[in-house]
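Remember, it's a predicted structure, so these values are computed and weren't measured experimentally. Each chain gets a letter, A, B and so on, in the order the sequences are listed, and its residues count up from 1.
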Amino acid sequence: MIFSKILINWYSINKRELPWRKTTNPFYIWLSEIILQQTQVKQGLPYYDAFTAKYPTVFDLANANEDDVLKLWQGLGYYSRARNLHATAKHVATNLNGNFPNTYKELLKLKGVGDYTASAIASICFNEVEAVVDGNVYRVLSRYFGVSTPINSSKGAKEFKLLAQKLIDKKQPAEFNQAIMEFGATQCKPKNPDCSVCPFSKGCIAFNKNLIGELPVKIKSAKAKKKHFNFLVFISEDEQTILQQRQGKGIWQNLYQFPLVETESTVDPKSFKSLIKTHELLANQQFELLLYNKEAIVHKLSHQHLYTQFWIVNVGKLPINGIPMENIRDFAVPILIGDFIEAFNF
DNA sequence: AATTCGGGGGT
DNA sequence: ACCCCAGAATT
């Protein structure tokens, strides 16, 4: 039997019920695909529910403030997705009369929509024959066909896209695309795949040559760099604190944080006190400094390990405008800050 | 072609 | 400690 038939048959039996599988409305499919970029279904699901509840239409999302979109996105990571989501909603609402583009080629032009997402929307919403290639597809195809081209190389991207495009069921592109991803996610898993009950095992090169553990091949990325973050948690006598919005490039763009002092290494209280005496928020000011966590909290991101200490800075009056402590949960913050806010019980 | 964007979960 | 996730944008 041909590949797509086996695959779609497997899918008809094993597919999970997921909310975005109940619709072909481009707004909901687009939203789900952005949320699910580099994000497992289990992690993205509550965010999909929250966004559809708060923003039932593209116009509702377009009319929101970016701060509110980021707040709802808080904790999901890769925050450029949220900023691009909002920008694209505005574009579709304002320039396209609320209608999403209905072809792969036009979908590709949207901010935050690349080859994978354009293919997913085009196939699921408009039955266009355009194969998706995500992490699951790379794994399934590299194993079944024994392809050892690195999946995170430009050569690999072209090769696997072409292979998927040859395999896709031209009469059921939406079913095929979702089936191959579901198969990779729940059966042909990275570790301990269920080969014993796999309908493809007879023809699977990786299985028959005992190469399941070797495929797919991926070029290793550089090790994460260490950084040392010191956050100044101001507390004034009238119960206000300071949050600042992150500007420019880098992580957590447009999210809020306590004033940050980055150092070369973890600093002890004595050294830190003398270090920040000349800080612009503390010069010519009386303050009491308390170290909240003696052991640095290590927050691990893909490319950075953040060794973090929170310093409580008690002052009489804030040097600049602050916010009432009771309002601190209204702001979108990195989860590292959010966890501290909960633990400190602001 | 490489690097940089998060955070959660598995092994 | 290392890997992966319904990838995209920038350098």
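- In this structure, D115(A) reaches the sugar-phosphate backbone alone: every heavy-atom distance under 4.0 Å involves primed, P, OP1 or OP2 atoms, never a base.
- When heavy atoms are screened at a 4.0 angstrom cut-off, R16(A) is found touching no nucleic acid atom at all.
- As judged by a 4.0 angstrom heavy-atom cut-off over every strand, V137(A) is placed among residues making no nucleic acid contact.
- A salt bridge links K155(A) with E159(A): at least one charged nitrogen is closer than 4.0 Å to a carboxylate oxygen.
- The base of dG6(B) is paired with the side chain of T39(A) by a donor and an acceptor separated by under 3.5 Å.
- Here Q304(A) lies in heavy-atom contact (under 4.0 Å) with sugar-phosphate atoms only.
- Atoms NZ (K218(A)) and C1' (dA2(B)) sit 14 Å apart, rounded to a whole Å.
- Among the protein residues, G184(A) comes within range of no part of the nucleic acid, since none of its heavy atoms lies under 4.0 Å from any strand.
- The residue S221(A) sits apart from the nucleic acid: no heavy atom pair falls under 4.0 Å.
- For a distance-only test at 3.5 Å, the side chain of R83(A) fails to qualify as a donor-acceptor partner of the base of dA8(C).
- Between W252(A) and dG7(B) there is a side-chain N or O to OP1 or OP2 distance below 4.0 Å.
- Here the closest heavy-atom approach between residue V261(A) and residue H279(A) is recorded as CG2-CD2, 3.7 Å.
- Side-chain atoms of Y78(A) come within donor-acceptor range of the base of dG6(B), with a qualifying N/O pair under 3.5 Å.
- Distances from the side chain of K249(A) to the nucleotides dA6(C), dG6(B), dT11(C) place dT11(C) closest.
- Considering all non-hydrogen atoms of both residues, Q38(A) and Y78(A) come closest at CB-CE1, 3.7 Å.
- Within 4.0 Å of I29(A), counting heavy atoms only, lies no atom of the nucleic acid at all.
- Within the nucleic acid shown, G75(A) comes within 4.0 Å of sugar-phosphate atoms alone, with no base atom in reach, counting heavy atoms only.
- Taking only side-chain nitrogens and oxygens, R139(A) comes nearer than 4.0 Å to OP1 or OP2 of dC5(C).
- A distance of about 13 Å separates the P atoms of dG10(B) and dA6(C), rounded to the whole Å.
- Annotation: dA1(C) and dC5(B) have their C1' atoms spaced 22 Å apart (nearest Å).
- A residue-by-residue look at A222(A) and H299(A) shows that A222(A) has its nearest nucleotide of DNA chain B further toward the 5' end.
- Closest contact between the side chain of K191(A) and the listed nucleotides dC2(C), dC4(C), dT11(B) involves dT11(B).
- Applying the Watson-Crick and G-U wobble criteria (two distances, each under 3.5 Å), dT11(B) pairs with dA1(C).
- S302(A) comes within contact range of at least one nucleobase, with a heavy-atom separation under 4.0 Å.
- Separating the C1' atom of dC4(C) from that of dG6(B) is a span of 13 Å, rounded to the nearest Å.
- Comparing dC5(B), dG8(B), dG6(B) against the side chain of Q40(A) picks out dG8(B) as the nearest.
- Residue contacts for W73(A): at a heavy-atom cut-off of 4.0 Å it reaches no nucleic acid atom on any strand shown.
- Cation-pi geometry between K273(A) and F287(A) is met: the NZ or CZ atom falls under 6.0 Å from the ring centre, inside 45° of the normal.
- Here K111(A) lies in heavy-atom contact (under 4.0 Å) with sugar-phosphate atoms only.
- Looking at which nucleotide of DNA chain C each of G112(A) and N136(A) is closest to, the 5′-most match is held by N136(A).
- Between K225(A) and P334(A), the residue whose closest nucleotide on DNA chain B is further toward the 5' end is K225(A).
- In this entry the distance linking OH of Y48(A) with P of dA6(C) reads 17 Å, nearest Å.
- A heavy-atom distance below 4.5 Å is not found between the side chains of F344(A) and F310(A).
- Checking dC2(C), dG7(C), dG6(B) against every side-chain atom of Q37(A), the shortest atom distance belongs to dG7(C).
- Side chain of N192(A), nearest nucleotide from dG7(B), dG7(C), dT11(B): dT11(B).
- If you check every strand for non-hydrogen atoms under 4.0 Å, K220(A) touches sugar and phosphate atoms only.
- Considering every non-hydrogen atom in both V137(A) and A164(A), the closest pair reads CG1-CB, 4.4 Å.
- Here I219(A) lies out of heavy-atom contact (under 4.0 Å) with every strand.
- Residue I335(A) has its side chain nearest to dG8(B) when only dG7(C), dG8(B), dA6(C) are considered.
- Remark: K161(A) NZ is packed, more than 12 non-hydrogen atoms of other residues, nucleotides or ligands lying under 6.0 Å away.
- Taking 4.0 angstrom as the limit, Q43(A) places none of its side-chain polar atoms (N or O) nearer than this to OP1 or OP2 of dA6(C).
- OP1 or OP2 of dA8(C) lies within a sub-4.0 Å distance of a side-chain N or O belonging to T117(A).
- When rounded to the nearest whole Å, the span between NE2 of H303(A) and P of dT11(C) equals 15 Å.
- Under 4.0 angstrom from either OP1 or OP2 of dC5(C) there lies no side-chain N or O belonging to K189(A).
- N152(A) and Y138(A) share no side-chain donor-acceptor pair at under 3.5 Å.
- Nearest nucleotide to the K223(A) side chain, out of dC2(C), dA6(C), dC5(B): dC2(C).
- Here dG6(B) presents its C1' atom at 13 Å from CG of L70(A), a figure rounded to the nearest Å.
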